[in-house]
Every structure is written in structure tokens, then in C-alpha cells.
Amino acid sequence: KKPPVRVAITGAAGQIGYSLIFRIASGEMLGPNQPVILHLIDLPFAMAALNGVVMEIQDCAFPLVKGIVATDNQAIGFKNVDYALLVGAKPRGPGMERGDLLKDNGKIFTETGKYINEHASRDIKVVVVGNPCNTNCLILANQIKDIPKENFTAMTRLDHNRAQHQLADKLGVHTTDIRRIAIFGNHSPTMVPYIDQMTAKNHKASVDQQWVSQTFIPTVQQRGAEIIKARKLSSAASAGNAAMNHITTWVNGTAEGDFTSMAIPSDGSYGVPKGLIFSFPVAVKNGKYSIVQGLPISHFYQGLLDKTIKELVDERNAVDHLLK
Ligand code: NAI
């Protein structure tokens, strides 16, 4: 067996944390030969609840868990951490403007960035899950001086997985038969599920354009709200699952010829302003992702891309003072 790696989860006492931590502990994210030390981080008021989670982890007697650090102190929480899943964030309260949400979370992610820069492994891989995740990641990465910027990403894998299910259902195949699709843009209702290169069972597959624009895209964009309506709680299990998928793919790679979706610092590809944290189709090999270039962008998709780019530029402008 390999030496243990340290995996930090913020918001560890929350809903997503509860669905995520036990699966990481069982080896689902990093494989059955990779022992882990869990770093569970939450706010002071949540420490009693977090202690309950710790007792449950202990009572699972997981063979792969070699240690647990449960803390509200980020200097301890991020010490030598190899992977961080940043779930903790301030939720949007009733009557709260998007600008206020950006500001409150901006403070959280500025602080976390400082701690990660100072204490974490220089090879740390980070996925931001807490919303607004793209811009939170932008703010976080701005604090990083000594770790490569490409190690800071945000999660659109849930949107990707949702799209995969809708398409598999429509075409009467299994989700794993659907390949070469991706989410472009912001993790928000402006996200762009791109399917013009889709294959099903390794053959080019298409669906009618009216279904795409009137049913498929709105369904994927509004799936989160639909689940809240049904469950009276947000989609924690599928979000936790997607966060794990994001890291697993980043470590193990994508299949030859296939790609996945990750929100990453833009290098200017597809006309996306440099530096925005933007979801792209990426291929992953040997722990490094690269943007899949040259996918044809139709007039229809360009219109959608322009909207999601504009939204992310507006978000960046709203937090400009935090990016100095
Ligand atoms: P939750 O409210 O159940 O848990 C959040 C936890 O984070 C709480 O325990 C809270 O104390 C903690 N927390 C808040 N600020 C913190 C900080 N500064 N440091 C450490 N911990 C902190 O919420 P849930 O359902 O687990 O969702 C968490 C976040 O994930 C939300 O922002 C939600 O919008 C986001 N989300 C993102 C998705 C995506 O696709 N990117 C999908 C679903 C949810």
C-alpha cells in the first residue's frame, strides 16, 4: 500500500460533507490502495456536529483511514494537504442579492486562499464546490503565490453528469455510453451543455435541435431547483458524488478520445477572457488536464457562450476589490 495522502473537506459538518466523507474514506475517490488522512474543516459553531461525524467515521472501522483531523482552525486544517474539496460556503439567504452572496463568500475564499498558500502541499489539487463556485475559485486562486494556478478548479461535473443522464435516457442507452459532451461556462443557469460532438456507443449521435433547446438545456440548467422542490433539501448526494468524480478523473485521466468538464483558469481558448474560471471540455492524462481545442461552435452555441462569459465577467467585476 502507498503512504497516506491528506484530503481536506471544508463544510465537513454539512449535507454534502455527510454524503462525501464516508465514500472518500471507503476508497471510492482515490482507489482501494490509497490510504487517507481526513482533514475535516468547519466553522466553530459546527464543531459538535462535526464530532458526531468523526465518531461515525471511527465506527465504520475503515481500513484506509489512517487519521482524522477535525478542526475550525484552517492553519491546522490545510497543513500538508494533498487534495481539498472546498464545500463550505455561505448559502444564499432569503432576499439576499447575488452581489451580497459574492461579497460574503469572497471573504471566506480570500482567507482560505491565504491558508492554503501558506500550509498546504505545493502539489495540492483543489476543487471548489461552494457557490458561486467559479468566482469563489477565482478569488481563492488570486491569493496563491507559490502553487501553480492550474491546481485550482471549480466543479461543473454535476452539470456534466446531469446532462449525461438526460441524453442516455433520450437515446435509450446507458449513461456510460454517452461520450464527448461537455459543460462550458459558469456553474449557474447560464451554463452551456455542449453536445454537438456526442457519441453513443462510440457512434456519432444526434438529437433534434428543438428538444435540445426547449427541453434538454433547461432541464439540465434547472435540475438543482427541481430537486430542492422534490426533496425540500438541496442535491447533496449527487453533488458529493460529482466532487469525487472530479478528483478521480483529475488523478486517473479521461478515456482516449473522450473528455470531461472542469472549471479551470481560462487561457483564452474559445474566446473566453484569460484568467476567468470557466468550465471547458478537458482531456486529462498523468494528472494534468488540457482544454480540448477546435470543437466546432455553432451560431446557436456561440450565443449561449456569450451569455455565460458575460455573466462571469460581471461576477469578476463585482469582486474586483478582492482581486488586487
Ligand atoms: P450545508 O449548509 O449543509 O453545509 C455547509 C457547511 O459549510 C456547514 O456545515 C457550514 O457550517 C460550513 N461552512 C460555511 N462556511 C464555512 C467556512 N468558511 N469554512 C468552513 N466551513 C464552512 O450545505 P451543502 O448542501 O453541504 O452545500 C454546500 C455548498 O455547495 C453550497 O454553497 C451549495 O450551493 C454548493 N453546491 C454546489 C454544487 C455545484 O455543482 N458546484 C452543487 C450543490 C451544492
Side-chain angles (χ1 to χ4, degrees), residues 8-22 39-54 69-78 81 84-93 96 98 101-116 126-140 143 153-163 183 185-191 193 220-228 231-247 260-264 277-279:
I9 297 134
T10 68
Q15 268 218 91
I16 294 179
Y18 198 70
S19 76
L20 183 64
I21 293 165
F22 296 88
H39 286 231
L40 310 179
I41 305 167
D42 210 301
L43 297 174
F45 84 92
M47 286 301 110
L50 188 59
N51 190 41
V53 175
V54 170
V69 176
T71 184
D72 56 10
N73 178 332
Q74 296 191 63
I76 297 168
F78 287 111
V81 157
L85 296 91
L86 304 183
V87 177
K90 183 155 181 172
R92 188 169 186 164
M96 199 172 171
R98 194 171 174 85
L101 184 72
L102 282 163
K103 251 183 248 152
D104 287 352
N105 281 296
K107 277 186 219 130
I108 294 175
F109 284 85
T110 299
E111 198 183 295
T112 297
K114 288 185 179 142
Y115 283 107
I116 289 180
V126 175
V127 57
V128 177
V129 175
N131 279 319
C133 65
N134 298 55
T135 297
N136 287 343
C137 182
L138 180 76
I139 291 165
L140 176 82
Q143 296 298 324
T153 67
M155 182 173 101
T156 49
R157 183 61 172 266
L158 179 56
D159 311 310
H160 182 104
N161 289 348
R162 286 168 171 167
I183 305 296
N186 200 3
H187 169 69
S188 83
T190 67
M191 76 179 79
V220 174
Q221 288 173 334
Q222 286 152 31
R223 187 74 158 180
E226 203 187 330
I227 289 169
I228 292 174
R231 234 171 65 87
K232 314 279 182 281
L233 285 168
S234 70
S235 49
S238 51
N241 179 68
M244 289 174 48
N245 292 164
H246 179 112
I247 296 287
T260 188
S261 305
M262 288 168 74
I264 58 172
I277 301 293
F278 196 88
S279 184

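Atoms within each ligand, like the ligands themselves, are counted from 1 in listed order. Computed from a predicted structure; not experimentally measured.
With a 4.0 Å heavy-atom cut-off, ligand 1 is reached by the side chain of His187 but not by its N, CA, C or O. Residue contacts with ligand 1 for Ala236 are absent, since no atom lies close enough (heavy atoms, distance under 4.0 Å).
Checking atom 25 (O) of ligand 1 against the protein gives a heavy-atom contact under 4.0 Å.
At least one heavy atom of Cys133 sits under 4.0 Å from some atom of ligand 1. Heavy atoms of Pro91 stay at 4.0 angstrom or farther from ligand 1.
Contact annotation: the side chain of Ile108 never approaches that of Asn136 to less than 4.5 Å [non-hydrogen atoms, C-beta and beyond]. Two residues are said to be in side-chain contact when any heavy atoms from C-beta on lie closer than 4.5 Å; Lys107 and Asp104 meet this criterion. Looking at Met191 and Thr156, their side chains never come closer than 4.5 Å, going by heavy atoms from C-beta outward.
Heavy-atom proximity to atom 29 (C) of ligand 1, evaluated over Asp159, Ile108, Val87, Asn131, is greatest for Val87. Which of Leu43, Ile41, Leu101, Asp42 comes nearest to atom 10 (C) of ligand 1 through a heavy atom is settled by distance: it is Asp42.
Remark: minimum distance from atom 41 (N) of ligand 1 to any protein heavy atom is reached at Val129 O, 3.3 Å. At the top of the distance list for atom 44 (C) of ligand 1, counting protein heavy atoms only, stands Ile16 CD1, 3.5 Å.
At least one donor-acceptor pair closer than 3.5 Å links the side chain of Thr153 to the backbone N or O of Val126. Listed for the Asp42 side chain is a donor-acceptor partner under 3.5 Å among the backbone atoms of Ala13.
Below 3.5 Å of separation, one finds no N or O of Ser235 facing any N or O of ligand 1.
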